[in-house]
Asker: 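Take a look at the following structure, please.
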Amino acid sequence: MKLIKCKIANIRALKDVQIDFSTDPNKPLTVIRAANAFGKTTLLNALRWGLFGDSGLEDPSYRFSPDDVKNGRNVGSVEIDFEVETGGRLKKYRVIRKKEERLNSTGEIQAKPSFVQLKALRDNGNQDIENADAHIAPFLPHDLKDVFFTDGDRALNFIEGGARAQRDNVEKAIRSLLDLNIIESSVKHISEVSRELNTKVKAIGGSSGGDLADIAEQIREYDEQIPELETQISELQDKLKRCNDAWTDADKKLQYALSQGNKDQLTRDLNAARKSKEIARLDFNKETKNQSELFRSPKLAVALLRDTLASANGLLNELHTQGKIPNQTIPVLIDRLNQADCICGESLQGGDEASSRRRKHIEELIDSSQKSDEIQKLVTDLYFSSKTIREPSFENSWAEDYSEVLTSKNSAYNREREAGEKEANIERQIEQLPDLDIAQLREKRATADQHRTTTNDALISFNAELDRVKGAKKESEAQRDKLLAENEKGLKFISQLEIANDLKSVLDGAFEQITSTELKKVSSEMNQLFTRMIGTSGSDTAVIKEAKITENFEIRVISQAGNTLNPSIDLNGASRRALTLSFILALTKISGKIAPNVVDTPLGMTSGYVKQSILSNICQESSQLVLMLTHSEIADCEELIDKFAGNVVTFTNTAFYPDIVKNPPPVDDNRVLTCACNHRNSCELCEIHELVV
Amino acid sequence: MTIFAGIDINLPETFQEKLQVYCRTSGKGHSSLEETPFPRMIDMWFLSMCLALKKGMKPKISEKPQGASYKAMEGVVLGSDSWRSDTLMLVAIAHTQNIEVADNPHEMMRIANGYAQAGLPVLIEALENRDGDTALDFVSDYFEDLAS
């Protein structure tokens, strides 16, 4: 399917707009150049509404002209011409959709039901086609409206938001584009045919014998049980997915909470840090005191008074050498007086005159020495008590003691500083800590885990029962076929049943093939496009290694280290756009469907290489591409637009004169006007002010 | 008991304020140990004496006191560290080159105090002109350099 042209009237600012789309396969691109709020999103909504009806609008309460309707009534309309190739022939159609909005008596806007008409445009006259939406659906399945008609932000729904919503969006798109739903309904239909045939067999059995009727009844029962079991299994699988999502969600929150910090643990760490700081402060004070006490150390005095003490020491040593230190004179003399003989050998106690004279002489010596002895006594005492100062033999010098104290003090200071920094850091963490209850989150995860286990157990049990019933049915069918072969009427049913079974096998195989092989193809194509767009296809060192779609329809991005990255968190804006556009294009390509890709602001948040690479790749991969681009998105992509664009249309919203629109518009009301200016030029109508910063 | 017990250590009043600032026992200095490096006034006085001797300064000894003075300490405080009494005696002996001075505690104290008064202004000036360093670290480094 390709869009040929569209005509839009009275839908918001698009009062009267016509656009011709490029259908040239060599120039598949049509560019709508428009600044922000110049009508791009309205155009996207109008196209979606025109092709998909009211359900194509994201918001059912979307009003076409909330301002103009106040003047009475408003009829919004969209006419879209498109062509489709069927049976090797191109057929052209025009879909016309209109909707009237009126103000009711209470002043509220009321919309009448949409009117839709589909016409086949033929050379020999136009033909109305009934059930317009049903006719369009095969070319543009409703489920794919977000794939083919999207904007850069909406497309992110495939990789952002809740895990289940992401998976559902991806699954819905894949199922629709790969026609899985059609195959599933066909399988269901064939099963129904088999059941009807079996009912007829039962009627034969009733007339020809009890065994065949009993077996047919058994098969009927199995046929009833199997879909019931399959439904229950499907529900359990869904439940298991939900449980897994719930567990993942709880685990993610828990991991986040733990990464932010466990409040209890942080409080304990804070107290420990404060205690360490306090101890370090006490140690610091103690070492400071020790440092101060060093000023009372004799070692410092000795070091400072080395010369002075040496001088005094010289005098004292001289006295010592002279025998005046120690002072022994008087004690020796007194001692002699108590002895019988003098030092010279003469008697001191003979009672004779000579003895008396000698005693007297000694007593006089004692008296005369008394005064100088006082000094010598002091000096003697000093000589002995000051020995440690005069002739020091300290193990460590004062400088060494000081160095030791300084080392301990610095160590205490550093410990206090580190503990203080740790304390401040933990306090900050606690302040920033979200109000998360770790225990509650653990409980939630444990509950989810329990539910998961219970559901998985039930799933195993139901699957076993399904296998058993299917096996029993197969045995019954073999018995039935054997009995039918013995019955003339039954032979006809055998061939019909065989055809039904063969068809079912073929469809089952096709379904299996699509869900495995085709899904892998989409995954591989998406990866190639994505890595090409972001410029990592040939790199072994880039952070991103690959992107893939899992069997559970989840889009995953894998890092070089093998870790799974969360696209909505770990990818930048440009890579997220590239990933979603890659998914859309890969899905379109593998499905073999020819349909337009209409994308509003696809290059937002991108720049440089990635921006050009995205544009280049989507132009090459799409059969028809309509891009609504702002001037800044166009910047640096002019050459690519030259190459791929078959048509460029510029939108100008007169409501923005004179702030953005430079020249007075040729109309009095607010509306979007179009001109044929392309991405490289502008006219009096579309010229806009450049923002000067 | 020290032979200097009963002898007052008098200093010019100009030193009074700074002795109180840098000595903890004065109770009038900074509350931080870092800014009151000397545990007692006798420590600052004693090290000032050592400083003067180390630098080869002449003691400020005069018959008549210059300007107003006050009783900064009592000699009895030297008794708590007996080596200090001995050091004072040795300083006096070295100064006079006569051991007889050992019998004259007042003279010995006069000599020691003379050196202390010579050293105190130097130490105080250094402390007052320190940059961002704490008084304790500054004095420690000052004496470490002096002693090396």
Side-chain angles (χ1 to χ4, degrees), chain A residues 284-316 318-319 324-325 371-390 392 397-403 405-406 409-410 413, chain B residues 3 22-24 32-40 42-44 46-56 80-105 108 115 119 134-137 139-148:
Chain A
F284 181 84
N285 289 343
K286 185 180 137 200
E287 295 304 333
T288 302
K289 197 173 177 189
N290 287 342
Q291 183 185 354
S292 180
E293 290 295 320
L294 285 177
F295 294 136
R296 298 178 65 182
S297 166
K299 292 179 183 177
L300 180 56
V302 166
L304 292 169
L305 299 176
R306 198 170 293 122
D307 295 341
T308 305
L309 293 174
S311 172
N313 192 36
L315 285 172
L316 292 178
E318 194 181 323
L319 291 174
K324 292 179 181 174
I325 295 174
K371 186 171 173 18
S372 63
D373 263 20
E374 285 297 324
I375 294 168
Q376 288 207 205
K377 180 179 181 301
L378 282 169
V379 174
T380 299
D381 288 346
L382 178 63
Y383 181 81
F384 289 108
S385 68
S386 66
K387 193 170 172 64
T388 54
I389 303 167
R390 290 181 294 105
S397 67
W398 185 86
E400 285 168 335
D401 287 351
Y402 174 47
S403 173
V405 168
L406 210 56
K409 189 180 163 187
N410 285 339
Y413 175 79
Chain B
I3 59 168
Y22 295 113
C23 302
R24 283 203 294 285
S32 165
L33 288 175
E34 295 279 332
E35 300 304 332
T36 49
F38 301 105
R40 300 176 305 167
I42 191 66
D43 302 319
M44 186 172 178
F46 187 84
L47 283 175
S48 296
M49 177 196 77
C50 295
L51 183 155
L53 283 158
K54 176 67 182 177
K55 284 182 175 283
S80 57
D81 291 312
S82 62
W83 63 268
R84 276 189 170 153
S85 295
D86 293 344
T87 305
L88 253 57
M89 292 172 76
L90 293 168
V91 165
I93 290 169
H95 177 78
T96 59
Q97 291 294 302
N98 185 349
I99 60 160
E100 288 192 7
V101 76
D103 191 32
N104 189 345
M108 288 191 289
Y115 279 113
T134 65
L136 179 61
D137 285 344
V139 177
S140 299
D141 290 343
Y142 184 85
F143 280 113
E144 186 187 29
D145 290 344
L146 207 59
S148 61

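Predicted, not measured: the structure shown is a model, and the values here were computed from it. Side chains included, hydrogens not; waters and symmetry mates left out as well; all remaining heavy atoms used. Chain letters run A, B, ... following the sequence lines, proteins first, then strands; residues in each count from 1.
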Asker: Strictly by modelled atom types, are B:Asp137 and A:Gln291 linked by a side-chain donor-acceptor pair under 3.5 Å?
Answerer: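 The criterion, which ignores hydrogens and geometry beyond distance, is satisfied for A:Gln291 and B:Asp137.
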
Asker: Enumerate the side chain to side chain donor-acceptor pair (under 3.5 Å) contacts for residues 297-309 of chain A, please, sequence neighbours excluded, ordered by first and then second residue.
Answerer: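 Qualifying pairs, neighbours excluded: A:Lys299-A:Asp401.
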
Asker: Look at A:Ala301, A:Ser292, A:Ala312 and state which one has the largest set of heavy-atom pairs under 4.5 Å with chain B.
Answerer: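 Maximum pair count with chain B is reached by A:Ser292.
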
Asker: Just give me the residue among B:Glu144, B:Lys55, B:Met44, B:Met49 that pairs up with chain A most often, heavy atom to heavy atom, under 4.5 Å.
Answerer: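 Answer, by heavy-atom pair count under 4.5 Å with chain A: B:Glu144.
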
Asker: Examine whether an atom of A:Phe295 lies under 4.5 Å from a heavy atom of chain B, and if so say whether it belongs to the side chain, the backbone or both; otherwise answer neither.
Answerer: both

Asker: Which pair of non-hydrogen atoms, one from B:Ala94 and one from B:Gln97, has the smallest distance, and what is that distance?
Answerer: O-NE2, 2.7 Å

Asker: State the CG-CD1 distance between A:Leu315 and B:Ile99, to the nearest 0.5 angstrom.
Answerer: 8.0 Å

Asker: Taking side chain as everything from C-beta outward and backbone as N, CA, C, O, which of these in A:Lys289 sits under 4.5 Å from a heavy atom of chain B? Side chain, backbone, both or neither.
Answerer: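 Both backbone and side chain.
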
Asker: Based on non-hydrogen pairs under 4.5 Å, which of B:Val101, B:Ile93, B:Leu90 is most in contact with chain A?
Answerer: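 With the most close heavy-atom pairs to chain A, the winner is B:Leu90.
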
Asker: Got a sec, which pairs hit salt bridge (charged side-chain N to carboxylate O under 4.0 Å, His left out) with one end in residues 81-99 of chain B, sequence neighbours left out?
Answerer: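 Non-adjacent pairs meeting salt bridge (charged side-chain N to carboxylate O under 4.0 Å, His left out): A:Arg296-B:Asp81, B:Arg40-B:Asp81, B:Asp43-B:Arg84, B:Asp81-B:Arg84.
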
Asker: Just checking, any donor-acceptor pair under 3.5 angstrom between side chains of B:Glu34 and A:Thr288?
Answerer: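 There is such a pair between these side chains.
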
Asker: Please evaluate residues A:Val379 and A:Leu319 with respect to the criterion side chain to side chain contact (heavy atoms under 4.5 Å, CB included), reporting the C-alpha separation (whole Å), side-chain torsions for both, the decisive distance (0.1 Å), and the verdict.
Answerer: CA-CA 9 Å; A:Val379 174; A:Leu319 291 174; 3.9 Å; yes

Asker: Is B:Asp141 close to chain A through its backbone or its side chain, or both, or neither, when contacts mean heavy atoms under 4.5 Å?
Answerer: both

Asker: Out of B:Ile42, B:Leu47, B:Val91, return the one with the most heavy atom pairs under 4.5 angstrom to chain A.
Answerer: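 So the answer, after comparing B:Ile42, B:Leu47, B:Val91, is B:Leu47.
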
Asker: Flag the one option from A:Leu305, A:Thr388, A:Leu378 with the top tally of heavy-atom pairs under 4.5 Å to chain B.
Answerer: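 Among the listed options, the one with the most contacts to chain B is A:Leu305.
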
Asker: Counting heavy-atom pairs under 4.5 Å to chain B, which of A:Ala310, A:Ser403, A:Ala399, A:Ser386 comes out on top?
Answerer: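 Of the options given, most contacts go to A:Ser386.
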
